Amino acid sequence: MIIEINKDIEKYQESVAMGLTAKQLVYSILALGSGCLIVFLLYEKIGLTFSCYVAVPIVAPIALCGFYSYNGMGFREVFMRYMRSIFRNKTLVFKSSGYREMISEIKAKEEAEKRTEVRKTKEEHRRMRREKRRDAVSRIIKKSIRKNGKKRKGKSE
């Protein structure tokens with residue numbers, strides 16, 4: 001014997017008729033009835049196509065009330081929260097405190113960083129000059145040693 005159980009037990013829905021829950025069944029009957037009533041009332045005056053166009057914006061919210069849910073909220077609650085967020089929310093205004101002080105601190109930090117960079121580059125140039133001088137002096141000394149060494153060898157032979 002095999003009994004099928006939904007993997008997510010919290011989302012289990014008991015069906016009343018045709019796989020629909022009681023809430024879905026009631027709202028689908030209301031949507032269907034209101035749509036038919038609107039079409040029958042407007043059919044002779046504006047025609048079938050336009051009466052269907054009039055009925056859809058009225059029927060859709062009724063059907064959504066029965067079938068739509070978001071984070072455990074029904075369509076009405078989601079719609080009301082959405083409308084409140086659009087029309088009731090206050091505009092958020094940024095009021096800075098200490099903006100000028102903050103800007104002056106940022107500028108001071110940037111200037112200090114520039115100074116340290118300039119010092120580092122100057123020190124690097126000084127170090128390079130010293131190394132060049134040492135290299136030049138060592139080359140001169142090596143040349144003089146070679147010359148002196150050759151002269152001495154020539155004299156002793």
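Keep in mind it's a predicted model, so treat the numbers as computed, not measured.
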_Ignoring hydrogens, what is the shortest heavy-atom contact between Gly35 and Ala55? Give both atom names and the distance._
O-CB, 4.2 Å
*What's the shortest heavy-atom distance between Gln24 and Gly66, and which atoms?*
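Nearest heavy atoms, Gln24 then Gly66: CG-O, 3.3 Å.
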Would you mind listing the cluster partners of [X]? Hydrophobic ones only (ILVMFWY), side-chain contacts under 4.5 Å, chaining allowed.
X	answer
Val26	Tyr27, Leu30, Ile62
Val59	none
Leu32	none
Ile58	Ile38, Leu42, Ile46, Phe50, Tyr53, Val54

Non-neighbouring partners of [X] that pass side-chain contact (heavy atoms from CB on, under 4.5 Å), sequence neighbours left out:
X	answer
Tyr43	Leu48
Ser85	Tyr82, Asn89
Glu131	Arg127, Met128
Phe87	Met83

*Is Ile86 reachable from Leu64 through a run of I, L, V, M, F, W or Y residues, each pair having side-chain heavy atoms under 4.5 Å apart?*
yes
_More than 12 heavy atoms from other groups under 6.0 Å of CZ on Phe75_ = yes
*Enumerate the residue pairs fulfilling salt bridge (charged side-chain N to carboxylate O under 4.0 Å, His left out) with a member in residues 25-49, sequence neighbours excluded, ordered by first and then second residue.*
none
*How long is the gap from NE2 on His125 to NZ on Lys132, to the nearest 0.5 Å?*
9.5 Å
*Summary of side-chain hydrogen bond (donor to acceptor under 3.5 Å, both in side chains) pairs that have at least one residue in residues 100-123, sequence neighbours excluded*: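 Applying side-chain hydrogen bond (donor to acceptor under 3.5 Å, both in side chains) to every pair that reaches into residues 100-123, excluding sequence neighbours, yields nothing.
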*asked:* Checking Glu77 now: which residues fulfil side-chain hydrogen bond (donor to acceptor under 3.5 Å, both in side chains) with it, not counting sequence neighbours?
replied: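 Testing Glu77 for side-chain hydrogen bond (donor to acceptor under 3.5 Å, both in side chains), a comparison that skips the adjacent residues, returns Arg81.
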